[in-house]
A.B. asks: 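Before we start, here is the structure in question, set down as structure tokens.
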Amino acid sequence: MLLLNPRLFFALTAAAGMSLLAFGYYLQYGQGLEPCPMCIFQRLCFMAVVALALIGALHGPRGVGAVVYGGLIALTAAGGAAIAARQVWLQHLPEDQIPQCGPGLDYMLDMYPLAEVITKALRGTGECATVDWAFLGRSIAEWSLLCFSLMFVAYVVFIVYRLRHGP
């Protein structure tokens, strides 16, 4: 069973995250879709999941170590899901309630302190409400929300299993 081998579970998570990131970069550089600030923050969350999962796969922890890595990945996935959920909410607002487009992330990083950039980016702008690409009728943000949610649930199950059954 997959839950019995933390190293394999972490490696599969890292591979899945890298695949999602690769597809995001394909959409950006191959298809010319520019990511909005919320998309970039979701991408950072996927990068953090990949980094934690890779470290976990290389380290191969048992017992408490596996639970710690799993908890960090679950928290990161929950953060990514929250950002994606906010973007999905923005995308489903009536047109007259969509916030105005704001400056790009590069401009904000040059002009504002980091805390203000993060706050403005996570609040979302009109460009974050735009759906430029869809698959099976769902936007990138909706797919991102689904992927983060699945990662979160998988790691909650992983943590519960590890706590109940030990190393």
Side-chain angles (χ1 to χ4, degrees), residues 1-31 33-91 105-106 108-109 114-115 117-124 128 131-136 138-165 167:
M1 179 184 224
L2 187 59
L3 295 176
L4 293 175
N5 189 342
R7 187 180 295 247
L8 179 60
F9 197 66
F10 293 135
L12 290 174
T13 301
M18 285 187 275
S19 298
L20 291 168
L21 286 167
F23 187 69
Y25 284 113
Y26 163 75
L27 289 175
Q28 181 177 355
Y29 295 108
Q31 299 298 310
L33 298 179
E34 277 302 311
C36 72
M38 292 183 99
C39 293
I40 292 170
F41 276 89
Q42 289 170 62
R43 195 176 280 182
L44 291 172
C45 288
F46 278 123
M47 287 177 187
V49 165
V50 167
L52 290 166
L54 276 175
I55 293 168
L58 293 172
H59 180 209
R62 299 273 179 195
V64 175
V67 171
V68 169
Y69 281 111
L72 291 171
I73 292 170
L75 286 173
T76 305
I83 296 167
R86 171 77 176 168
Q87 186 172 7
V88 168
W89 177 76
L90 286 170
Q91 290 175 346
L105 192 58
D106 290 335
M108 287 194 294
L109 285 169
L114 184 59
V117 170
I118 292 169
T119 302
K120 287 178 181 287
L122 295 180
R123 221 179 276 139
C128 295
V131 177
D132 292 327
W133 182 90
F135 178 68
L136 298 176
R138 300 288 172 229
S139 69
I140 297 169
E142 289 169 322
W143 285 109
S144 182
L145 175 58
L146 175 66
C147 292
F148 278 125
S149 298
L150 289 173
M151 286 179 180
F152 176 77
V153 169
Y155 274 92
V156 168
V157 170
F158 174 81
I159 291 166
V160 169
Y161 180 86
R162 302 304 299 173
L163 289 174
R164 286 194 178 163
H165 296 91

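We use all heavy atoms of the structure for the numbers below, so side chains are in, but hydrogens, waters and symmetry mates are not.
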A.B. asks: Can you give me the closest heavy-atom contact between I159 and G70, atom names plus distance?
C.D. replies: CD1-C, 3.6 Å
A.B. asks: Sequence neighbours excluded, which residues qualify as ring-ring contact (aromatic ring centres under 6.0 Å, His included) partners of Y29?
C.D. replies: none
A.B. asks: When rounded to the nearest 0.5 angstrom, what is the spacing between OG1 in T13 and CE in M18?
C.D. replies: 10.0 Å
A.B. asks: Hey, does V68 have a side-chain heavy atom less than 4.5 Å from the side chain of P61?
C.D. replies: no
A.B. asks: How close do A81 and L145 get, counting heavy atoms only, and between which atoms?
C.D. replies: O-CD1, 3.4 Å
A.B. asks: Any side-chain heavy-atom pair from I140 and Q42 closer than 4.5 angstrom?
C.D. replies: no
A.B. asks: Looking only at heavy atoms, what is the nearest atom pair of A14 and V50, with distance?
C.D. replies: O-CG2, 3.9 Å
A.B. asks: Under the side-chain hydrogen bond (donor to acceptor under 3.5 Å, both in side chains) criterion, do Q91 and E142 qualify, and how do the steps go?
C.D. replies: CA-CA 10 Å; Q91 290 175 346; E142 289 169 322; over 6 Å; no
A.B. asks: Only counting residues at least two apart or in another chain, list the ones meeting side-chain contact (heavy atoms from CB on, under 4.5 Å) with A77.
C.D. replies: F148, M151, F152
A.B. asks: Determine, stepwise, if the pair Y161 / F158 fulfils ring-ring contact (aromatic ring centres under 6.0 Å, His included).
C.D. replies: CA-CA 5 Å; Y161 180 86; F158 174 81; 8.1 Å; no
A.B. asks: Can you tell me if CZ on R7 sees more than 12 non-hydrogen neighbours from other groups inside 6.0 Å?
C.D. replies: yes
A.B. asks: CG of L75 to SG of C45: how many Å apart, nearest 0.5 Å?
C.D. replies: 11.0 Å
A.B. asks: What's the shortest heavy-atom distance between Y155 and A74, and which atoms?
C.D. replies: CB-CB, 3.9 Å
A.B. asks: Rounded to the nearest 0.5 Å, what separation is found between the CG atom of L44 and the CG atom of L21?
C.D. replies: 9.5 Å
A.B. asks: Do W143 and L20 make a side-chain contact, defined as non-hydrogen atoms from C-beta onward lying under 4.5 Å apart?
C.D. replies: no
A.B. asks: What is the distance from atom CD1 of I55 to atom CD1 of I73, rounded to the nearest 0.5 Å?
C.D. replies: 9.5 Å
A.B. asks: Does a side-chain heavy-atom distance below 4.5 Å link Q87 with S144?
C.D. replies: no
A.B. asks: Rounded to the nearest 0.5 Å, what separation is found between the CZ atom of F9 and the CZ atom of R162?
C.D. replies: 10.0 Å
A.B. asks: What about H59 and Y69, are their ring centers closer than 6.0 Å?
C.D. replies: yes
